[in-house]
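The next block holds one structure in the form of structure tokens; read it before the comments.
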Amino acid sequence: MANQLLRLDRSGLALLYIFLGTLQEFGAGQIRYSVPEETDKGFFVGNISKDLRLEPRELAERRVRIVSRGRTQLFALHPRSGSLVTAGRIDREELCEKASSCFLNMEILMEDTLKIYGVEVEIMDINDNAPSFREEEVEIKINEHATPGSRFPLPNARDPDVGMNSLQRYQLNPNSYFSLQVGGITDGAKNPELVLEGTLDREKEAAHLLLLTALDGGDPIRQGTVPIRVVVADVNDHTPKFTQSVYRVSVPENLSSGSRVLMVNATDPDEGINGEVVYSFRDMESKASEIFQLDSRTGAVSIQGPLDFEKYRFYEIEIQGQDGGGLWTTAKMLITVVDVNDNAPEITITSSTDSVLENSPPGTVIALLNVQDQDSGENGQVSCFIPNNLPFNLEKTYGNYYKLITNRALDREQVQSYNITLTATDHGSPPLSTKTQISLNVADDNDNPPTFAHSSYSAYIPENNPRGASFFSVTALDLDSRENAQVTYSLVQDTIQGAPLSSYISINSDTGILYALCSFDYEQFRDLQLQVMAQDSGDPPLSSNVSLNIFVLDQNDNTPEILYPALPTDGSTGVELAPRSAEPGYLVTKVVAVDRDSGQNAWLSYRLLKASEPGLFTVGLHTGEVRTARALLDRDALKQSLVVVVQDHGQPPLSATVTVTVAIADSIPDVLADLGSLESPTNPDDSGLTLYLVMAVAVVSCVFLAFVIVLLALRLRRWHTSRLLQASGGGFAGMPASHFVGVDGVQAFLQTYSHEVSLTADSGKSHLIFPQPNYADTLISQESCEKSEPLLIVEDSQAPPNTDWRFSQAQRPGTSGSQNGDETGTWPNNQFDTEMLQAMILASASEAADGSSTLGAGAGTMGLSARYGPQFTLQHVPDYRQNVYIPGSNATLTNAAGKRDGKAPAGGNGNKKKSGKKEKK
């Protein structure tokens, strides 16, 4: 029944509080509501959307929320109804304890406008607590001689509720000795006292059992009881007395645990146990009992728990001194807690953003923060600031709220992020401070176009370049980030010689590498001007252009072009006229040529490659002028063919040739008379015939050389055999060794033997002429006719060579025996030695054939006796006249040969030279 009444009472009170809450009005910028304690979660407190002049749906759109300060949130916003409701159970006694009024303050934040609204909610008390006593049982000792009317203090009951719901009265169970009387109110509490109504008689009744009841004024009434046991004691006629009725002391809040606060003292003149005073706290609150401690014997009051000025600034404690006889007295102890700067400021970031767009206008809000210090006075006054070198300011808004704003536009390209240090410092001594950091990233805005390193570029590409080859690259840098820094390259549309630029040049949009799409010709165009555009991927995109000049480099790809003399188109032959009376240096004609290239590739030089009459004409190196080199003679042919080559200076050089036909005549009729005999100098059969003639001459020479080598080998073999049969040997003397080539004991002068081959320019009409060989300086032998042993014996079958026939290194022909080779090798071993040996033999044979020559001490002996001594005679010299064939001649050196050929032998007054004549047709 009592619970039902309690629920009805709560319902009525809730309706009353709701009605009173709707009557609240705005005052001093705050919204006030009231709500009863102990309501369920979600209990309606007030229509916050209406009081903020907003629709319920706007609470979510404008991000309206309750600002939390780190404590437990007791209220919440209902998003649909726009009401302020409870977030959980609210206990008024826990929040405000015994305060007559209990108000809770909070702030409502509207994030879109960053406005703060203060809300004050009064917590209304309900009768949810019954009065209670701290003691479970109270024992009172009363002297049996106590006079009626004596008062004895009883323990106070505590009721956390306020108003009518708090403690209202006490009741004592009826008895004949005691009555209850409520004394004066101390600190709002009623002090019950036990009044002795009659005389006690310990012998009749030594103890009395009473029941004290405390009742509040709620509906229904709640009560609490404590049993009281009254013990009748012996007589004690003195009560203890404190030295001071009131003890006052001030202690700092940072006093350490165990420190003594003060010392109380009470005296009792009685003796024995009746004079011993015991100290105790009387009617002490639970919070104070946790902090202070009293020594019951010494009366020393000390600290056992932490003091906190921000929670409790003042304590009033009653101390009781009671002697052993049961008499007691009380004194008050007033303790004031002195504030100490022991709390550093607290910075709470209510709302913040982690990035802000660069180029945002000054005044852009970065964060909203709250600064608090739980200390009081100057210790609780806080200053908040940030470093001066940052582009931000702190502005104070509502209460202890600050907003962090920008004071100028930010540039991400200069600073990409900021670590903003917020410092809050109180004014205490010493001051305490707190720091916190806000990290802010500057978001990129596409405010920088791509830039090139140079205002213009020049590229060089050689002509005849391969198609699709890269020849240059450009790079643009964008200081922005991500897509704003992604650069793409393109060519500004243009036309070149009527064709679009894209048909000549292309560019890689990602790398900026340029490619040639065609093979350029320097002679077609030498340079190109185009614009390269670099564009980023921002929104909107930014771009920049740079000019690019492409120069085509000339290559030597054009041969010189001969303008004059031009090649006739009618099949006739162009003829230049030169009079026979022309002096040296006479200008016959001029070869004119051009080269389409440039630079040194177009520098031309002229020279005479071929002429039918060498030495007759000259060509200017740089002018191309054809002039006579000497005076013209009658024997000079009428038609002169000149092949002039024109060459440039490129690498590699290119050239062209032209054939100039010059007619040598004094008058035009002479020229006309001989025009029919002029032939084109270019006959394709001439070159083939000349090649065949050269090959024939080479074959004949090789065969002849082989024959001479074999002939010499046979002769030397015979000679060596005859030398071995002779008893003694001799030598030549009186002639320097450098003039001879030695073959064992035979020495002779060096003789040159040569062939001359002459070919005319007109190979079809030329003769191949072999002139007669020339001989000189032969050895003359007196007794050559008397020698019966022939120098060379021609046999039908040739005997194999003697393997013992060897020459030492010094005996081999050559330059002073310097030839290297095998000691067992055959001789001669090269063409030069063969020719020298051949010349030596022929010269010796020719001189021996001369009948008037002798080998004495005269000139005919060539000084052989002087070199080898007087014992050298003709017997030491073989007869070279026998069977010796002289190439190029139809005569032999022997008499028999002369008779056989029908010719007399050559007489001797020196050597005769035969010369051949060239015949030209």
*For Asp40, does its backbone N or O pair with a side-chain atom of Thr86 as donor and acceptor, under 3.5 Å?*
yes
_salt bridge (charged side-chain N to carboxylate O under 4.0 Å, His left out) contacts touching residues 274-284 (sequence neighbours left out)_ = Arg282-Glu318
_Within a 6.0 Å radius of atom CD on Glu111, are there more than 12 heavy atoms belonging to other residues, nucleotides or ligands?_
yes
_Is it true that, when you exclude Gln437 itself, more than 12 heavy atoms of the residues, nucleotides or ligands shown sit nearer than 6.0 Å to its CD?_
yes
*Spacing of CG belonging to Asn370 relative to CD belonging to Glu107, to within rounding of 0.5 Å*: 7.0 Å
*Determine yes or no for a side-chain-to-main-chain donor-acceptor pair under 3.5 angstrom, with Glu37 supplying the side chain and Ile126 the backbone.*
yes
_Can you confirm whether Glu120 is buried at CD, in the sense that more than 12 heavy atoms of other residues, nucleotides or ligands lie under 6.0 Å from that atom?_
yes
_Within the 4.5 Å heavy-atom criterion, are Leu180 and Pro192 side-chain neighbours or not?_
yes
*The single option from Asp216, Asp161, Asn165 passing side-chain hydrogen bond (donor to acceptor under 3.5 Å, both in side chains) against Asn129*: Asp161
*Going by atom types alone, do Asn419 and Ser439 pair a side-chain donor with an acceptor below 3.5 Å?*
yes
*In Å and rounded to the nearest 0.5 Å, what is the CZ to CD1 distance from Arg248 to Ile335?*
12.5 Å
*So Phe392 and Tyr418, would you call those rings parallel, tilted or perpendicular, with 30° and 60° as cut-offs?*
perpendicular
*From Thr213 atom OG1 to Leu172 atom CG, the distance as rounded to the nearest 0.5 Å*: 8.0 Å
*Point-to-point distance, once rounded to the nearest 0.5 Å, from CD1 of Ile420 to OG1 of Thr423*: 12.0 Å
*Step by step, work out the side chain to side chain contact (heavy atoms under 4.5 Å, CB included) result for Asn175 and Leu210.*
CA-CA 8 Å; Asn175 62 83; Leu210 304 174; 3.1 Å; yes
*If only atom types and distance count, is the side chain of Asp426 paired as donor or acceptor with the main-chain N or O of Leu432 below 3.5 Å?*
yes
*Shortest non-hydrogen contact from Pro155 toward Val226*: CG-CG1, 4.5 Å
*Contact check, side chains of Leu104 and Met106, non-hydrogen atoms, under 4.5 Å*: no
*asked:* What verdict does the side chain to side chain contact (heavy atoms under 4.5 Å, CB included) test give for Ser351 and Arg65, after you've listed the backbone C-alpha separation in whole Å, the side-chain angles of each residue and the deciding distance to 0.1 Å?
replied: CA-CA 11 Å; Ser351 177; Arg65 62 184 178 88; 3.9 Å; yes
_In the structure I gave you, are the side-chain heavy atoms of Val371 and Tyr402 within less than 4.5 Å of one another anywhere?_
yes
_Could you tell me if Glu378 and His427 have a donor-acceptor pair between their side chains, going purely by distance under 3.5 Å?_
no
*Would you please classify the geometry between the His208 ring and the Phe178 ring as parallel, tilted or perpendicular, with 30° and 60° separating the classes?*
perpendicular
*Over all atoms of both residues, closest heavy-atom pair of Leu59 and His78*: CD1-O, 4.4 Å
*CG on Leu327 to CZ on Phe152, rounded to 0.5 Å*: 8.5 Å
*asked:* Could you work out, with disulfide bond (SG atoms under 2.5 Å apart) as the rule, every residue matching Cys384, not counting sequence neighbours?
replied: none
*With distance as the sole test, does Gln244 use its side chain to make a donor-acceptor pair with the main-chain N or O of Met333 at under 3.5 Å?*
no
_Main chain of Ala266, side chain of Tyr279: is a donor-acceptor contact present, judged purely on distance under 3.5 Å?_
yes
_Contacts of type ring pair (Phe, Tyr, Trp, His ring centres under 6.0 Å), residue Phe292, not counting sequence neighbours_ = Tyr315
*Could you tell me which non-hydrogen atom of Phe309 sits nearest to which non-hydrogen atom of Val337, and how far apart they are?*
CD1-O, 3.2 Å
_Ala207 to Arg229 - nearest heavy-atom pair and separation_ = CB-NH2, 4.3 Å
*So does Asn388 have more than 12 non-hydrogen atoms from other groups sitting under 6.0 Å from CG?*
no
*CD1 on Ile405 to CD on Glu395, rounded to 0.5 Å*: 3.5 Å
*Would you call Leu84 and Val35 a side-chain contact if the rule is heavy atoms closer than 4.5 Å?*
no
*Sub-4.5 Å side-chain heavy-atom contact between Leu422 and Phe385*: no
*Sub-4.5 Å side-chain heavy-atom contact between Tyr33 and Val119*: yes
*asked:* One pair to check against side chain to side chain contact (heavy atoms under 4.5 Å, CB included): Leu368 and Ile116. What are the steps and the verdict?
replied: CA-CA 11 Å; Leu368 185 67; Ile116 300 294; 4.2 Å; yes
*asked:* Could you tell me if the side chain of Thr330 sits less than 4.5 Å from the side chain of Ile319, heavy atoms only?
replied: no
*asked:* Can a donor-acceptor pair be found, under 3.5 Å and without considering hydrogens, that links the side chain of Asp339 to the backbone of Asp375?
replied: no
*asked:* For the backbone of Asn127 and the side chain of Arg222, can you confirm whether one donor and one acceptor N or O come within less than 3.5 Å of each other?
replied: yes
*Closest heavy-atom pair and its distance - Arg313, Ser376*: NH2-CB, 4.2 Å
*Can you tell me if CD1 on Ile273 sees more than 12 non-hydrogen neighbours from other groups inside 6.0 Å?*
no
*What is the minimum heavy-atom distance between Thr434 and Ala344, and which atoms define it?*
OG1-CB, 3.5 Å
*Under 4.5 Å between any side-chain heavy atoms of Val264 and Tyr247, yes or no?*
yes
_salt bridge (Lys or Arg N to Asp or Glu O under 4.0 Å) assessment of Arg32 paired with Glu122_ = CA-CA 8 Å; Arg32 291 185 173 89; Glu122 182 181 5; over 6 Å; no
_Quick one, Ile108 with Val64, criterion side chain to side chain contact (heavy atoms under 4.5 Å, CB included). Give me CA distance, side-chain angles, the key distance, then yes/no._
CA-CA 7 Å; Ile108 301 296; Val64 178; 3.4 Å; yes
_Check: Ser296 side chain, Val278 main-chain N or O, donor-acceptor pair, under 3.5 Å_ = no
*Under 3.5 Å: donor-acceptor pair, side chain of Thr397, backbone of Tyr401*: yes
*asked:* Donor-acceptor pair, distance only, cut-off 3.5 Å: does the side chain of Asn341 make one with the backbone of Pro430?
replied: yes
